[in-house]
Amino acid sequence: EDKVVQSPLSLVVHEGDTVTLNCSYEVTNFRSLLWYKQEKKAPTFLFMLTSSGIEKKSGRLSSILDKKELFSILNITATQTGDSAVYLCAAGGTSYGKLTFGQGTILTVHP
Amino acid sequence: DTEVTQTPKHLVMGMTNKKSLKCEQHMGHRAMYWYKQKAKKPPELMFVYSYEKLSINESVPSRFSPECPNSSLLNLHLHALQPEDSALYLCASSQEVGQGDYGYTFGSGTRLTVV
């Protein structure tokens, strides 16, 4: 059975801090690893990673994948209160169309 | 239009009611999905439609009945639900099923409460 595990489950920081969120996966015929940010309702897409060692960046967020060790990290630098959300990691494998999600990391950024 | 629109946003229904959730997208996506998300849990896949045909049913109870009348519309018909079915129901779409990994677009969800 495909499995995605995120750590930590929750994190409380102050504005300006840098955070690293972790995601490990065991997925048959792995194809891609995705990161989403979820606030009140719909998850919003952040990154999709398919190749090892290539960093994806978007503003203060960046992510990288290690296909040998089966994990990914999401970094957020100079955190802001607007970064407070649940960050979800998901992996796509054998079953086309299906994403297996991790439990999420709840990030709280205090002013 | 780069959105997936779900209606209603909130729904309260009794265990004997029949109701439907609606999802619409006009991005020309040919794959559409229903996910269920319980409080403080990740989304779990329920159904996948590809070119208006059901391609994945994740052993969902028959009280949930999906329907894809056309390429832009996806419905989820609900009948005889249980209180434990209360959750956020998320619809998503992608260009093709094989490209679903490349970032779904999620709708904002329907928060369902079964009383």
Side-chain angles (χ1 to χ4, degrees), chain A residues 1-10 21 23-25 27-51 56 58 61 63 65 67 72 85-108, chain B residues 2-10 23 25 29-51 53-60 68 74 87-112:
Chain A
E1 187 179 327
D2 294 345
K3 191 175 172 185
V4 176
V5 177
Q6 292 183 244
S7 64
L9 293 182
S10 66
L21 310 184
C23 174
S24 65
Y25 63 90
V27 173
T28 306
N29 294 331
F30 171 83
R31 291 199 305 282
S32 59
L33 191 289
L34 294 95
W35 285 96
Y36 286 87
K37 177 182 181 182
Q38 187 172 27
E39 296 173 89
K40 297 287 185 190
K41 286 278 185 84
T44 52
F45 175 75
L46 295 175
F47 297 111
M48 187 273 292
L49 304 150
T50 56
S51 301
K56 295 270 180 115
S58 177
L61 278 67
S63 184
L65 176 68
K67 288 169 78 172
S72 173
V86 177
Y87 289 84
L88 293 164
C89 168
T94 300
S95 189
Y96 276 90
K98 179 177 179 177
L99 290 180
T100 300
F101 282 84
Q103 339 78 300
T105 292
I106 302 170
L107 175 64
T108 305
Chain B
T2 57
E3 284 188 352
V4 174
T5 303
Q6 288 188 243
T7 54
K9 295 196 184 309
H10 300 274
C23 173
Q25 56 86 16
H29 288 176
R30 303 315 299 264
M32 295 185 78
Y33 313 81
W34 281 114
Y35 276 79
K36 172 182 177 179
Q37 187 174 24
K38 301 276 280 182
K40 300 189 190 304
K41 297 284 187 187
E44 292 179 347
L45 182 69
M46 299 175 74
F47 303 105
V48 179
Y49 271 83
S50 176
Y51 287 84
K53 287 190 167 46
L54 183 65
S55 63
I56 296 178
N57 175 343
E58 288 283 293
S59 303
V60 179
C68 190
L74 184 66
L88 179 67
Y89 287 84
L90 292 164
C91 175
S93 71
S94 65
Q95 288 248 321
E96 305 267 348
V97 166
Q99 295 172 8
D101 301 354
Y102 293 73
Y104 296 168
T105 301
F106 279 94
S108 55
T110 294
R111 191 161 299 281
L112 173 69

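This is a predicted model, so every value here is computed, not measured. So that the names make sense, note that chain A is the first sequence line, chain B the second, and so on, each numbered from 1.
- Residues passing the ring-ring contact (aromatic ring centres under 6.0 Å, His included) test with A:Y87, sequence neighbours excluded: none.
- B:E44 is linked by a side chain to side chain donor-acceptor pair (under 3.5 Å) to nothing, counting only residues two or more places apart in sequence or in another chain.
- Residues A:L99 and B:Y35 have side chains in contact (heavy-atom distance under 4.5 Å, counting atoms from C-beta outward).
- For A:K3, the NZ atom sits in a loose shell: 12 or fewer heavy atoms of surrounding residues, nucleotides or ligands are nearer than 6.0 Å.
- Side-chain N or O atoms of A:Y36 include one that pairs as donor or acceptor with a backbone N or O of B:Y104 at under 3.5 Å.
- Residues A:G102 and B:P42 share a closest heavy-atom pair of O-CB, 2.8 Å.
- Contact of B:Q37 with chain A is made through the side chain alone, with heavy-atom distances under 4.5 Å.
- Taking each heavy atom of A:A42 and B:S108 in turn, the nearest pair found is CB-CA, 3.6 Å.
- Inter-residue side-chain proximity for B:L90 and A:P43 is flagged as met; some heavy-atom pair is nearer than 4.5 Å.
- Heavy atoms closer than 4.5 Å to chain B are found nowhere in A:Q6, neither backbone nor side chain.
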